[in-house]
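The next block holds one structure in the form of structure tokens; read it before the comments.
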Amino acid sequence: MRPDGTASDAEPAGSAPRNGLHRPGESAVRLEGVRLALGRGASAVNVLNGVDLAIAPGESLGITGTSGSGKSTLLMVMGGLERADSGTVTVAGTSLGGLSEDALARFRRRRVGIVFQSFHLIPTMTALENVAVPLELAGLRRPFARAEHELAAVGLGHRLHHRPQELSGGEQQRVAIARALAPEPSLLIADEPTGNLDEATGAAIVDLMFRAHAERGTTLVVVTHDAGLAQACGRTARMRAGVIEASPAA
């Protein structure tokens with residue numbers, strides 16, 4: 001049952017359980033031998049160089065590393081926004097490498113919530129529309145009621161009809177978090193979610209993300225330069241030159 005009182009949408013046959021509930025022994029995310037290069041030929045730059053990583057259902061993982069270490073690219077591969085050149089990427093029991101572009105987009109809409117540093121809200125849409133329209137595209141029922149509930153949950157019930165330019169940076173990031181959480185994803189990934197915010201606002205956003213993670217059982221992966229944010233996660237991993245330096249398997 002959803003917060004708006006409607007029944008949950010039917011799951012496709014053979015799909016993995018939602019909201020971080022996975023089959024016994026199954027990782028929420030598993031990467032094996034993942035490699036990715038940008039460009040081709042002599043101009044190719046190896047960004048990921050054989051990444052192995054397992055993340056348990058409901059775990060929170062902070063990924064750190066210097067600029068250019070590959071951490072944001074790793075997050076995008078995990079979220080299905082970039083395709084690995086080789087290796088396997090499995091999220092919620094689904095191998096992403098075997099999906100067509102359309103199937104990958106459908107999977108991403110239902111299973112992966114993404115929060116970016118720069119918010120990526122549609123400027124001509126209100127906060128309510130920014131959250132509801134992706135739900136409509138995913139074919140979920142009562143998208144506007146669901147969007148209103150999620151915005152109220154992040155403290156923006158009074159700002160539903162404001163456009164991004166009428167919102168502060170912290171409010172825009174709250175809209176982005178509501179949008180990411182509204183489809184009830186099993187995996188929430190965040191790329192420098194506090195990077196464009198002042199310290200106090202950033203702390204409030206971190207609290208909001210971790211509260212949602214705890215209450216919903218969502219697996220949370222955060223890429224950050226902020227050591228404090230990384231340490232707030234249950235486990236940390238550091239990237240260097242396209243590989244994970246040290247991260248015990250889940």
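Bear in mind that the values here come from a model prediction, so they are computed numbers and not experimental data. Along the sequence shown, residues carry numbers from 1.
A donor-acceptor pair under 3.5 Å is formed between the side chain of Arg174 and the backbone N or O of Val154. Judged by distance alone, the side chain of Glu148 and the main-chain N or O of Leu128 form no donor-acceptor pair under 3.5 Å. The backbone N or O of Ser69 sits nowhere less than 3.5 Å from a side-chain atom of Thr66 that would complete a donor-acceptor pair. Under a 3.5 Å cut-off, the side chain of Arg111 and the backbone N or O of Pro185 do not form any donor-acceptor pair. Side chain of Glu59 to backbone of Ala56: a donor-acceptor contact under 3.5 angstrom is found. Using modelled atom types, one side-chain atom of Ser60 and one backbone atom of Gly234 make a donor-acceptor pair closer than 3.5 Å. For Asp52 (side chain) and Gly33 (main-chain N/O), a donor-acceptor pair under 3.5 Å exists by modelled atom type. Distance alone, capped at 3.5 Å, is enough to place a donor-acceptor pair between the Thr219 side chain and the Gly58 backbone. Arg35 contributes no side-chain N or O that, together with a main-chain N or O of Ser86, makes up a donor-acceptor pair within less than 3.5 Å. The main-chain N or O of Gly93 is never found under 3.5 Å from a side-chain atom of Thr90 such that the two would form a donor-acceptor pair.
A continuous path of Ile, Leu, Val, Met, Phe, Trp and Tyr side chains, each step under 4.5 Å between heavy atoms, connects Val77 with Leu104, placing both in one hydrophobic cluster. Leu188 and Val112 are members of different hydrophobic clusters when ILVMFWY side chains are connected at heavy-atom separations under 4.5 Å. Residues Leu137 and Ile122 are members of one and the same hydrophobic cluster, defined by side-chain heavy-atom contacts under 4.5 angstrom among Ile, Leu, Val, Met, Phe, Trp and Tyr. Val175 and Val206 fall within the same hydrophobic cluster, where Ile, Leu, Val, Met, Phe, Trp and Tyr residues are linked whenever their side-chain heavy atoms come under 4.5 Å apart, directly or through other members. Note on Leu75 and Val115: separate hydrophobic clusters, where clusters join Ile, Leu, Val, Met, Phe, Trp and Tyr whose side-chain heavy atoms are under 4.5 Å apart, directly or indirectly.
With rounding to the nearest 0.5 angstrom, the CG atom of Leu156 is 7.0 Å from the CG atom of Leu167. A distance of 13.0 Å separates CZ of Arg211 from NE2 of His213, quoted to the nearest 0.5 Å.
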For a side chain to side chain donor-acceptor pair (under 3.5 Å) check, start with the C-alpha distance between Gln117 and Asp191, then their side-chain angles and the critical distance, and finish with the verdict.
CA-CA 6 Å; Gln117 177 177 346; Asp191 189 5; over 6 Å; no
Before you tell me yes or no, could you show the steps for Leu121 and Arg163 under side-chain contact (heavy atoms from CB on, under 4.5 Å), namely the whole-Å CA-CA distance, both residues' side-chain angles and the distance that decides it to 0.1 Å?
CA-CA 9 Å; Leu121 302 179; Arg163 291 180 170 80; over 6 Å; no
Walk me through whether Thr94 and Leu99 qualify under side-chain contact (heavy atoms from CB on, under 4.5 Å).
CA-CA 9 Å; Thr94 298; Leu99 299 181; 4.0 Å; yes
Evaluation steps, side-chain contact (heavy atoms from CB on, under 4.5 Å), between Arg30 and Thr88:
CA-CA 8 Å; Arg30 183 172 293 275; Thr88 60; over 6 Å; no
Chi angles and distances behind the side-chain contact (heavy atoms from CB on, under 4.5 Å) call for Glu184, Arg146
CA-CA 11 Å; Glu184 300 174 9; Arg146 192 162 173 170; 3.3 Å; yes
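Considering only heavy atoms from C-beta on, Leu74 comes within 4.5 Å of Ile63 through its side chain. Proximity of Met239 to Glu245: side-chain heavy atoms (C-beta onward) are nowhere separated by under 4.5 Å. Put simply, the side chain of Met78 reaches to within 4.5 Å of the side chain of Leu53, judged on heavy atoms. Residues Arg240 and Lys71 form no side-chain contact, since every pair of their non-hydrogen atoms from C-beta on lies 4.5 Å or further apart. Residues Thr126 and Asn130 form no side-chain contact, since every pair of their non-hydrogen atoms from C-beta on lies 4.5 Å or further apart.
The residues Arg83 and Glu101 are annotated as salt-bridged, a charged nitrogen and a carboxylate oxygen being separated by less than 4.0 angstrom.
When the options Arg159, Gln165, Glu166 are evaluated for a side chain to side chain donor-acceptor pair (under 3.5 Å) with His162, the one that passes is Arg159.
For residues 99-130, every residue pair satisfying the ring-ring contact (aromatic ring centres under 6.0 Å, His included) rule, not counting sequence neighbours, is listed here: Phe116-His120.
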